[in-house]
Amino acid sequence: MSKPTRLAVKDSEPKHLPIYQHKNKLVQAVRKSPFLIVTGETGSGKTTQLPQYLHEAGFCKNGKIGITQPRRVAAITVAQRVAQEMKCTLGREVGYQVRFDDCTSQETAVKYMTDGCLLREVLADPSLSQYSVVILDEVHERSLNTDILLGLLKNVFSDPAEAAKRRSFPLKVVVMSATLESDKLSAFFNNCPVFEIPGRVFPVTCTFGSAVGPKDVERNFYVKEVVKVALDVHISEKAGDILVFLTGQSEIEHACDLLFEKAENIDYRYDVQDRTVEGLLILPLYGSMPTDQQRQIFQPPPPGIRKCVVATNIAATSLTINGIKYIVDSGFVKQLNHNSRVGMDVLEVVPISKSEAQQRAGRAGRTSAGKCFRIYTKEFWEKCMPEYTIPEIQRTSLTAVILTLKCLGVHDVIRFPYLDCPEERFILEALKQLYQFDAIDRRGKVTKLGELMVEFPLHPGLTRALLKSASLGCQDLLLPVAAMLSVENIFIRSVTWRTLEKEAAKKHRALAEKTGSINDFATLLCVFNSCKSSDRPSAWCKENWIHWRALKSAFSVETQLREILLRLQQVQDFPTESFDGNKSELLRRCLCSGYFTNVARRSVGKVFCTMDGHGSMVHVHPSSSLFEQEAELNWVIFHDVLVTSKTYIRTVCPIRYEWVKDLLPKLHEVDVYELSSVARQEVTEDEMVKWESKEAAKRQQEASAEDVMKKLEKRNTEDSVSDARARYLQRKQQREQRKAL
DNA sequence: TATCCCATA
């Protein structure tokens with residue numbers, strides 16, 4: 001395929017970007033209004049150019065220009081390019097800051113950063129006094145941190161008089177987004193002006209398939225179908241590479257195997273428009289793949305060979321592969337959703353939204369016109385796919401976010417200005433959990449412990465366990481575990497070949513056995529320590545099928561957590577406790593104080609029943625050392641839940657009922673709906689007394705956790721939890737109902 | 001009875 005190389009070079013010159021002719025008007029628009037929305041498709045140049053225009057126009061006299069990105073790589077690469085264009089050394093006038101990598105200095109006037117970084121800065125300095133302009137980029141992606149920043153910026157800077165009290169000069173806020181939803185954003189920021197920049201994209205023609213209809217939502221029928229369509233494309237379409245979208249690792253490897261088998265039977269000398277397509281290069285792509293293997297994806301295929309990349313959603317926004325002309329879209333994605341019925345965050349496969357389908361199709365039109373083959377029917381599109389992807393803030397656990405808001409002085413977390421309100425139930429659930437972790441008191445006020453917790457970049461449950469271990473003086477057990485659980489999966493499972501997969505599993509089993517216990521958390525600790533004390537850690541990883549990149553980042557996270565803990569122990573009067581139990585139980589006892597919300601008890605055979613008040617039936621994931629383990633392990637805690645062929649719990653550890661006995665009633669003592677008034681901070685003394693007596697009565701009623709459990713088990717015999725579709729439709733219906741109201 | 005979306009502090 002001939003690439004328009006010269007054109008591409010010319011395009012990257014700032015003056016040829018669509019944004020250039022709007023330069024003066026754009027700068028004026030920022031001058032005039034405290035808030036401004038800028039919309040433009042990818043390729044309009046807004047991310048790299050606008051900060052430069054503002055810098056040139058003298059906006060950096062009083063403070064910095066800060067630009068947020070939802071992803072680390074984006075923040076770094078864009079900063080590199082802008083530094084180049086401004087002809088300065090990266091880290092001086094132009095810099096970036098992401099976790100573990102601060103490339104800024106006193107001189108830095110234009111600072112690219114992740115949205116999470118800016119949120120941390122807000123915690124330390126709510127009026128953002130260092131900045132003259134804050135630009136939130138890629139707002140249409142609706143990342144959790146960006147959404148919170150939107151609300152905070154509106155809250156703090158909407159009232160000019162109030163803002164003036166906080167700062168010596170006004171702050172300019174620019175919100176950048178793809179064209180969708182610009183009216184909504186403008187309305188959110190007091191009907192502020194919208195500036196539109198035309199983009200430049202090539203047309204992509206889309207076709208619907210006939211295979212996957214509304215009834216196939218639940219079956220993973222689509223793997224076979226994408227393989228068939230990809231082969232059709234290979235045989236009948238002009239030269240150009242193929243990108244296939246699937247949902248997960250095992251599916252992708254299965255599809256690659258099928259493609260390989262079937263492509264062997266193709267007549268490779270099939271003549272397509274004067275180009276002899278001799279073969280098909282099949283490449284899997286997913287996030288947990290080793291980096292060197294990922295790099296292969298970007299190399300152009302050998303002459304005459306067509307590349308076919310089978311990827312997860314990683315290829316939708318995070319990675320751009322050149323030369324893609326054809327998309328095969330399965331119509332599904334694996335997504336982390338907060339599930340009220342299961343009562344926790346669950347990873348599940350759901351249909352993508354229409355806007356996401358368009359995003360996928362767009363990956364074929366980056367360098368020339370392309371084609372997108374959707375394997376699902378028009379009916380599936382109309383009936384099963386929502387218009388937009390539900391923003392993260394409406395579908396994940398809000399526990400950490402609510403704690404952050406509370407610590408920022410936002411007490412009324414229900415009436416906080418969300419661009420899209422999460423369901424009140426989700427907010428109340430988060431409050432309930434914070435209360436259970438002792439992070440807030442019964443009036444919704446942040447406790448001393450809560451103030452300690454917000455300092456840690458971890459899930460609150462994990463933070464709770466870590467703080468427990470610190471107060472017992474055994475933080476060396478929990479710090480590595482917390483670090484390992486907050487990085488990507490460290491176990492490499494396979495590289496397409498089944499024999500090697502068995503090899504990997506054998507090594508991982510050996511590591512689990514080395515701990516002398518059956519406990520996935522202990523295995524993580526063991527991997528961490530074994531590798532750290534090894535002479536050649538990267539070789540050790542290779543030998544044991546461990547992800548070196550992931551483990552390295554776990555080392556950094558552990559160091560960071562250790563530093564935070566040390567700082568807090570020096571400043572605050574840190575709580576201390578003594579432990580008189582068996583030393584070998586220490587790790588598990590600490591885990592219990594953060595994971596008592598994730599307790600399950602063996603029900604029948606291999607089925608476990610969760611104890612969180614929802615009583616879901618779950619199975620131990622095959623990757624766990626508890627998988628297939630026998631009946632004496634009756635009580636377990638687990639780190640997360642995953643719905644694929646079954647509802648699986650992952651990273652599991654057996655516990656004794658006595659350890660959680662006193663904590664479990666706490667799960668049932670607070671009625672979520674009664675927290676509503678606490679959330680609003682409108683509780684009168686009378687209400688408080690009434691509420692507390694009611695709770696006391698309830699506690700008496702549910703004398704022990706055993707009783708609760710029996711009740712739950714009874715209720716759950718008819719309940720199928722793996723019915724992802726029913727839940728999906730239920731959520732959809734609820735959303736529509738709310739909209740109608 | 002058989003397997004792990006993507007990000008982020």
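To find a chain, count down the sequence lines: A is the first, B the second, and so on, and within it residues start at 1.
- Between A/E251 and A/K334 there is no salt bridge, since no side-chain N of the basic residue sits under 4.0 Å from a carboxylate O of the acidic one.
- For the pair A/R509 and A/E513, the salt-bridge criterion is not met [side-chain N within less than 4.0 Å of a carboxylate O].
- Contacts of A/F456 with the nucleic acid, taken as non-hydrogen atoms under 4.0 Å apart, are absent.
- Note on A/L144: nothing from the nucleic acid sits closer than 4.0 angstrom, heavy atoms only.
- Note on ring orientation: taking the six-membered ring where Trp is involved, the planes of A/Y222 and A/F332 are parallel (angle under 30°, cut-offs 30° and 60°).
- B/dC4 takes the syn form, because its glycosidic angle lies no more than 90° either side of 0.
- Here A/N313 lies out of heavy-atom contact (under 4.0 Å) with every strand.
- Across all strands shown, A/R99 has heavy atoms under 4.0 Å from base atoms, whether or not it also approaches the sugar-phosphate.
- Using a 4.0 Å heavy-atom distance criterion, A/E628 is classed as a base contact.
- Residue-level contact check: A/L347 touches the bases, meaning some heavy atom is under 4.0 Å from a base atom.
- Rounding to the nearest 0.5 angstrom, the gap separating the CG atom in A/L136 from the CG atom in A/D115 is 8.5 Å.
- Below 30°, between 30° and 60°, or above 60°: for A/Y418 and A/F416 the angle between ring planes is above 60°, a perpendicular geometry.
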Inset, instruction - Check the pair A/R142 / A/D420 against salt bridge (Lys or Arg N to Asp or Glu O under 4.0 Å), numbers first and verdict last. - result: CA-CA 10 Å; A/R142 306 297 305 274; A/D420 282 300; 2.7 Å; yes
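- Projected onto DNA chain B by closest heavy-atom contact, A/K334 and A/P70 fall at different nucleotides, the more 5' of which corresponds to A/K334.
- In 5' to 3' order, the nucleotides of DNA chain B bounding all contacts with chain A (an atom under 4.0 Å from a heavy atom) are B/dT1 to B/dA9.
- Across all strands shown, A/T312 has heavy atoms under 4.0 Å from sugar-phosphate atoms exclusively, and none from any base.
- Contacts of A/L119 with the nucleic acid, taken as non-hydrogen atoms under 4.0 Å apart, are absent.
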